Amino acid sequence: MQIKDLNRSIERLKKERDAVILAHNYQIPEVQDVADIIGDSLNLSRQAAKVPQKVIIFCGVHFMAETAAIISPDKRVLIPDTQAGCSLSDSITVQELREWKKDHPGAVAVGYVNTTAAIKSELDYCCTSSNAINVVNSIPADREILFLPDMFLGSYVSKTTGRKNMFVWAGECHVHAGISASDVNEKIRTLEDAEFIIHPECSCTTPILYDMSTGTYQNKAVSVLSTEGMMNHVNNSGSKNFVVATETGVLYRMRKQNPQKRFVAASEKAECQYMKMITLQKIHDSLLHDRYHVTVKKDIAKKARLAIDRMLAIG
Ligand code: 13P
Ligand code: SF4
């Protein structure tokens, strides 16, 4: 089917099924264009709970669809491709987390939203890149913290909060770990007057941690933000040029909403193959065949929900 026929058919099926399409900022342009709501992982989970439709077509990766299913147990969450995983959420197993907790009795376990439902069920707090600092600051200073799974986000939070009794798991996202300081430096050198916006999962955060905490890097304004934080920032900033250090999918929405501004990827190679697995055809087939249903076992969902609710409560 041609794109326009697929779009027409998707619109018709959405009405028939009482469905809504949620898409992450890294989705391919055609998917973003057909989505009812686009956002970061936190925002999409919140929206999943609010939308009136019974069926949610979740265009993102599996842990995000699981989070939506936990928050909205009365809705039917479908993911168009079950292979859409996440290297970061795969970087810690439940067994490894349990052993880590055993080595630090009494520690508070704080996990990034990029984790499976089973890992979330073992956490005290869940957090996102936008509220990780607030979550850590809300924990009494004398309690040890186990922060997982992203080491770059963990180092950034530990540096920013000055927390000494915080242990960070050595996990990473292969896409963001691949954005190096030299990629960033090269782009910054070639773009006069550019602002630099960076996702905290990037490995390039490590050598410039000190600069980031002061808000400038090589005389350029620097902001560390989640993908939705990036969108709000570029929409409201008076700057004309931006170097963007994250998965390149977000540039489509930035350019669409700000045609008069220039956005350059810190690394053009930063593509998440899992995010790109979702296509218009798969969305269409998901609606047509009512597949693939994302479910979380009741006992896991109940425990994970506590950590997620704490994340949602701390802005
Ligand atoms: P955001 O929550 O900032 O959208 O990030 C999700 C993600 O997978 C980053 O790689
Ligand atoms: Fe996971 Fe990285 Fe892809 Fe985000 S970009 S979904 S963290 S693999």
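Each ligand, and each atom within it, is numbered from 1 in the order the structure gives. Predicted model only: the values in this text are computed from it and were never measured. Each residue takes its place number in the sequence, starting with 1. For the numbers below, each heavy atom of this structure counts, side chains included, while hydrogens, waters and symmetry mates do not.
Taking a cutoff of 4.0 Å between a charged side-chain nitrogen and a carboxylate oxygen, Arg98 and Glu122 qualify as a salt bridge. We find that Asp5 and Arg8 are joined by a salt bridge, their nearest charged nitrogen and carboxylate oxygen being less than 4.0 Å apart. Between Lys276 and Glu247 there is a salt bridge, since at least one side-chain N of the basic residue sits less than 4.0 Å from a carboxylate O of the acidic one. The existence of a salt bridge linking Glu195 and Lys240 is excluded, since no basic side-chain nitrogen approaches an acidic carboxylate oxygen closer than 4.0 Å.
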Q: Show your working on ring-ring contact (aromatic ring centres under 6.0 Å, His included) between Phe167 and His104 and close with a plain yes or no.
A: CA-CA 10 Å; Phe167 301 88; His104 295 271; 4.4 Å; yes
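Between Leu225 and Ile197, the shortest heavy-atom distance links the atoms CD1-CG2, 4.2 Å.
Ranking the protein heavy atoms by distance from atom 7 (S) of ligand 2 puts Asn114 ND2, 3.2 Å first.
Applying the side chain to side chain donor-acceptor pair (under 3.5 Å) rule to Gln260 yields no partners; only residues at least two apart in sequence or on another chain are considered. Listed by chain and number, the residues in a ring-ring contact (aromatic ring centres under 6.0 Å, His included) with Tyr252 amount to none (sequence neighbours excluded).
Of all the atoms in ligand 2, the ones that sit under 4.0 Å from a non-hydrogen atom of Glu201 are 7 (S).
For a heavy-atom separation below 4.0 Å, the residues in contact with ligand 1 are His24, Tyr26, Asp40, Ser41, Met64, Asn114, Ser129, His176, His199, Glu201, Ser226, Thr227.
A cation-pi arrangement is found for Arg310 relative to Tyr125, the charged atom lying closer than 6.0 Å to the ring centre and inside a 45° cone about the ring normal.
Under the 30°/60° scheme for interplanar angles, the aromatic rings of Phe242 and His233 are found to stand perpendicular.
The set of protein atoms (N, O or S) found at less than 2.8 Å from atom 3 (Fe) of ligand 2 reads Cys272 SG, by chain and number.
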